[in-house]
Amino acid sequence: MPYAAIADLIARYGEQELVQLTDRTGAGVIDAAVAERALADAEAEVNGYLAVRHTLPLASVPPLLARIACDIARYRLWDDRASEEVRMRYEDARRVLEAIAA
């Protein structure tokens with residue numbers, strides 16, 4: 001069960017930002033493959049922390065993990081152009097995951 005979906009990214013950050021971050025062809029729409037790849041990368045990062053203390057896959061996804069996965073995916077999509085706010089949300093997400101793993 002994935003921690004977050006494209007709909008979660010849209011709900012949190014807006015469709016326009018997702019178009020900006022994923023549209024590699026100039027079509028003016030979200031490239032689902034790019035967004036899904038970022039979400040899969042985020043899920044792998046979350047699992048790296050959770051596997052220390054929890055059996056995976058989880059039976060259900062807590063809302064906290066959905067938010068964390070979205071923040072990580074967003075940061076990864078922005079790449080080296082991430083704003084301070086995007087970077088801080090990513091770092092906050094990592095700190096929470098580190099606490100969960102500890």
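Quantities reported herein were computed from a predicted structural model and do not represent experimental measurements.
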Q: Determine whether more than 12 heavy atoms belonging to other residues, nucleotides or ligands lie under 6.0 Å from atom CD of Gln20.
A: yes
Q | Close side-chain approach of Tyr3 and Asn47, heavy atoms under 4.5 Å | A | yes
Q) Heavy-atom distance under 4.5 Å between the side chains of Arg37 and Arg76, does that happen here? A) no
Q.
Looking at Asp71 and Arg67, is there a salt bridge between them, counting it only when a charged N and a carboxylate O are closer than 4.0 Å?
A. yes
Q: Answer yes or no: is there a side-chain heavy-atom contact under 4.5 Å between Val34 and Leu77?
A: yes
Q.
Restricting to non-hydrogen atoms, name the atom on Asp31 and the atom on Thr22 that form the minimum distance, rounded to 0.1 Å.
A. N-OG1, 3.0 Å
Q. Would you say Glu91 and Tyr75 make side-chain contact, with heavy atoms under 4.5 Å?
A. no
**Q.** Shortest non-hydrogen contact from Gly28 toward Val19
**A.** C-CG1, 3.7 Å
(Q) Between Asp8 and Leu39, is the side chain to side chain contact (heavy atoms under 4.5 Å, CB included) condition met? List the steps. (A) CA-CA 10 Å; Asp8 296 312; Leu39 287 166; over 6 Å; no
Q | Minimum heavy-atom distance Ile30-Ala35, with the two atoms named | A | CG2-CB, 4.4 Å
Q) Rounded to the nearest 0.5 Å, how far does CD of Glu43 lie from CD1 of Ile68? A) 13.0 Å
Q. Just checking, is any N or O donor in the side chain of Glu17 or Trp78 under 3.5 Å from an acceptor N or O on the other one?
A. yes
Name the atoms and distances for all side-chain donor-acceptor pairs under 3.5 Å in residues 50-66, with sequence neighbours left out.
unit_1, atom_1, unit_2, atom_2, d
Arg53, NE, Ala102, O, 2.8
Arg53, NH2, Ala102, O, 2.8

(Q) Less than 4.5 Å apart, side chain to side chain, heavy atoms only: is that true for Arg74 and Tyr90? (A) no
Q | salt bridge (charged side-chain N to carboxylate O under 4.0 Å, His left out) between Glu98 and Arg95, worked out | A | CA-CA 5 Å; Glu98 288 168 357; Arg95 278 192 287 277; over 6 Å; no
Q.
If I compare all heavy atoms of Ala73 with all of Leu9, which pair ends up nearest, and what's the gap?
A. CB-CD2, 4.3 Å
